[in-house]
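Below is one structure, written out as structure tokens; comments come after it.
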Number of protein chains: 2
Amino acid sequence: MPDAPVTLSHVAREAGVSLATASRAINGSATRSVREDLRERVLETARRLGYSPDPSAQAMARGRTTALGLVVHDIADPYFSTIAAGVADAAEREGLIVTLASTQHRPDRELAFVELARRQRSRAIILAGSRLVPGEEVGTAPAGHDAALRDSLTAFRDAGGGVATVGQALGDLPVVEIDNAGGASALARALHDAGYRRFGVLAGPARLRTAADRTAGFRDALAALGCAAGDDDVVPGEFTRDGGYNAMSALLDRAGGPPEVVFAVNDVMAVGAMAAVRDAGLSVPGDVAVAGFDDIHTLRDVSPRLTTVRIPLDEIGALATRLALGRTGDDVAPVRGEVVLRDSTPLR
Amino acid sequence: MPDAPVTLSHVAREAGVSLATASRAINGSATRSVREDLRERVLETARRLGYSPDPSAQAMARGRTTALGLVVHDIADPYFSTIAAGVADAAEREGLIVTLASTQHRPDRELAFVELARRQRSRAIILAGSRLVPGEEVGTAPAGHDAALRDSLTAFRDAGGGVATVGQALGDLPVVEIDNAGGASALARALHDAGYRRFGVLAGPARLRTAADRTAGFRDALAALGCAAGDDDVVPGEFTRDGGYNAMSALLDRAGGPPEVVFAVNDVMAVGAMAAVRDAGLSVPGDVAVAGFDDIHTLRDVSPRLTTVRIPLDEIGALATRLALGRTGDDVAPVRGEVVLRDSTPLR
DNA sequence: CTGTTAGCGCCTTCAC
DNA sequence: GTGAAGGCGCTAACAG
């Protein structure tokens, strides 16, 4: 099976028709149509010759590609890989090719990839992962990063490209808006109902909106219930297993003993936190109860089973894809979390 | 910021040079070079006009793209997402764009994507995920599937494309060869050393080479030690959490009581298996010890901590990328597993 | 060293 | 309904 790239003109010649007819037969022009028998013949020889169109050539002729750019913070993180699975599936259904960028949490790479996708004339761009908290844009996040991203994506959109962000809105771009604050509030209330009164929070990275919103939602609800978590009970950390481990360790080392229950702002951190509790010779939930956020599928079976806020990550990818492609009426797709109480936070 | 795609000819005209010179200045042709002052001038106007080349046009003119195709069974599976992270990182370093295909375990989509990547003139293709066991290719796997895949990839390679497979070899294509059988054998010996004598195996899908190799490696080592697992003790199942859960449930329902230790051929199944044990009112490792394979990072903290065979998944992605790009001398990169004994299989 | 000229593979007016 | 011809943006021989 040698590789003499069979082109449209091969097919046309072989089928005894013109290039134009072959083209119209194979992807059905909007304006012109082709006589049935010719169409048949072209399709048949195309199949026989193993023809398939060159995406680059089509892209150039049409002025737009068939690519869908997906930008995530870290594809190894189950949060993102689950979303990516949804995107990949929906994109395949739409006949689009997914180009993936895993930025490893470096905002500059986020922007660089968006620019790349733009000049590649991608069909659409999906930007997953938290935006930044205004004013906290330091270090790896150049000031104005999100603004630059917004401008670039807006220009892309004005030029006819599809855009969707996942998490929180960026400008007035289409968004799958996750109710992080609301979910965390609901969790706080549920834990309060379960009898907990002394709370700790593993707050994640302060500069990430997602982490900040979950933390704020949780603390606000607690305050409303009259048992606010003090600042000492809120420990920042990375959005990772180790971040959760370290933050929980810090909380345990604190004078005054551990809180009754600790809310880690995502499941991955929660699992790290549980490990820290055990390594300290304590037990979950005996000594400290633990709750997370996301309901990551592969983490659902940790022991004790983890209380969390379920986010339909698998659907979010498909939703974002539809949104980016303008398949939905609205430009905002709200997604709510659902509190799932499990063994890691028994009634108290 | 409107989006009037500025092309090379705009830049050339504006800089007062020919199209060819502009092209050479911007990309640096291999053969020709450009006078310093002209180059300077072209680059400057390019920057000023916000020019950036159209990848599709370049692809067409050059006959090759800058895309790296990555094919996985399921990007939501941590095994693959970890590999993908490595690939994404290495590809970015090489200036390549990753196009992702998540086939959802459908072999036909695997082939379809490879063909797509070929006609797209991708720079390289990385095929991750298990090959099939010869003779077991039924159902969703048309007979000869792997052969077709091999032929297609070989043709791609002969035409100058880079190829790497991950897991086991496919024809004589470059491969990151994971020693699944050896790792499983070592695990069997380690468990035997730890005092276990009655073994069960959650064997995964019989048609997948990876699952079959791990199962065979484990059983062979046991046989050599004189305490072979009977066929009744080997239960097939899906390569997922639910697959592990169901297979373990079946094992527990069996007359004669559970084995002392159960080897699940991957960590995800092992976690499902643990859940099944608990749901049956038994404990791990008190009633049944459990071991897995892969050492998935996010699963490292399940309780009890999971004994497994560690595979350096994060490095494998980078390795496969280098291999596909011919950055390494050899065409075979062997990867061995390392047994990691943890709390889920205490000394007995 | 620079400019001119063909294409790359396909789509799409435009005539027929 | 069909074919011929031009052009998408860029590169790579070719001349000069």
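Predicted model only: the values in this text are computed from it and were never measured. Letters A, B, ... are given to chains in the order of the sequence lines, protein chains preceding strands, and every chain is numbered from 1.
- Rounding to whole angstrom units, CZ of residue A/Arg121 and P of D/dC8 are separated by 12 Å.
- In this structure, a donor-acceptor pair under 3.5 Å is absent between the side chains of B/Gln120 and B/Thr65.
- Checked against C/dT4, D/dA4, D/dC10, the side chain of A/Ala20 finds its nearest nucleotide in D/dA4.
- Taking the charged nitrogens against the carboxylate oxygens, B/Glu44 and B/Arg41 have no contact shorter than 4.0 Å, which rules out a salt bridge.
- Closest approach to the B/Thr21 side chain among D/dC10, C/dC10, C/dT2 is made by C/dT2 (side chain taken as heavy atoms from C-beta onward).
- One finds no side-chain N or O of B/Asn27 lying less than 4.0 angstrom from the OP1 or OP2 phosphate oxygen of D/dC10.
- The residues A/Glu92 and B/Arg109 are annotated as salt-bridged, a charged nitrogen and a carboxylate oxygen being separated by less than 4.0 angstrom.
- Minimum atom distance to the side chain of B/Leu8 is reached by D/dT11, of the listed C/dC11, D/dT11, C/dC10.
- For the OP1/OP2 pair of D/dG9 and a distance below 4.0 Å, the side-chain nitrogens and oxygens of B/Gln58 include no atom meeting the criterion.
- Rounding to whole angstrom units, CD of residue A/Glu36 and P of D/dG1 are separated by 12 Å.
- A donor-acceptor contact under 3.5 angstrom links the side-chain atoms of A/Arg24 to the base of D/dG3.
- The shortest distance between the side-chain N/O atoms of A/Arg35 and the OP1/OP2 oxygens of D/dG1 is not below 4.0 Å.
- Remark: A/Ser23 is in phosphate contact with C/dC11, judged by side-chain N or O atoms under 4.0 Å from OP1 or OP2.
- Counting to the nearest Å, the C1' atom of D/dG1 and the CZ atom of A/Arg39 are 14 Å from each other.
- Protein atom CE of B/Met60 is 11 Å distant from nucleotide atom P of C/dC11, rounded to whole Å.
- Protein atom CD1 of A/Ile26 is 15 Å distant from nucleotide atom P of C/dG9, rounded to whole Å.
- The distance from atom CZ of A/Arg64 to atom P of D/dG9 is 15 Å, rounded to the nearest whole Å.
- The listed nucleotides are D/dC10, D/dG1, C/dG9; the one nearest the side chain of A/Asp54 is C/dG9.
- Closest to the side chain of B/Leu19, from the set D/dG3, D/dT11, D/dG9, is D/dT11.
- When rounded to the nearest whole Å, the span between CZ of A/Arg62 and P of C/dC10 equals 11 Å.
- Looking at A/Thr210 and A/Ser130, their side chains do bring a donor and an acceptor atom within 3.5 Å of each other.
- When the side-chain nitrogen and oxygen atoms of B/Ser18 are compared with OP1 and OP2 of C/dG3, one or more of them lie within a distance under 4.0 Å.
- Remark: A/Asp74 does not engage A/Arg106 in a salt bridge, criterion side-chain N to carboxylate O under 4.0 Å.
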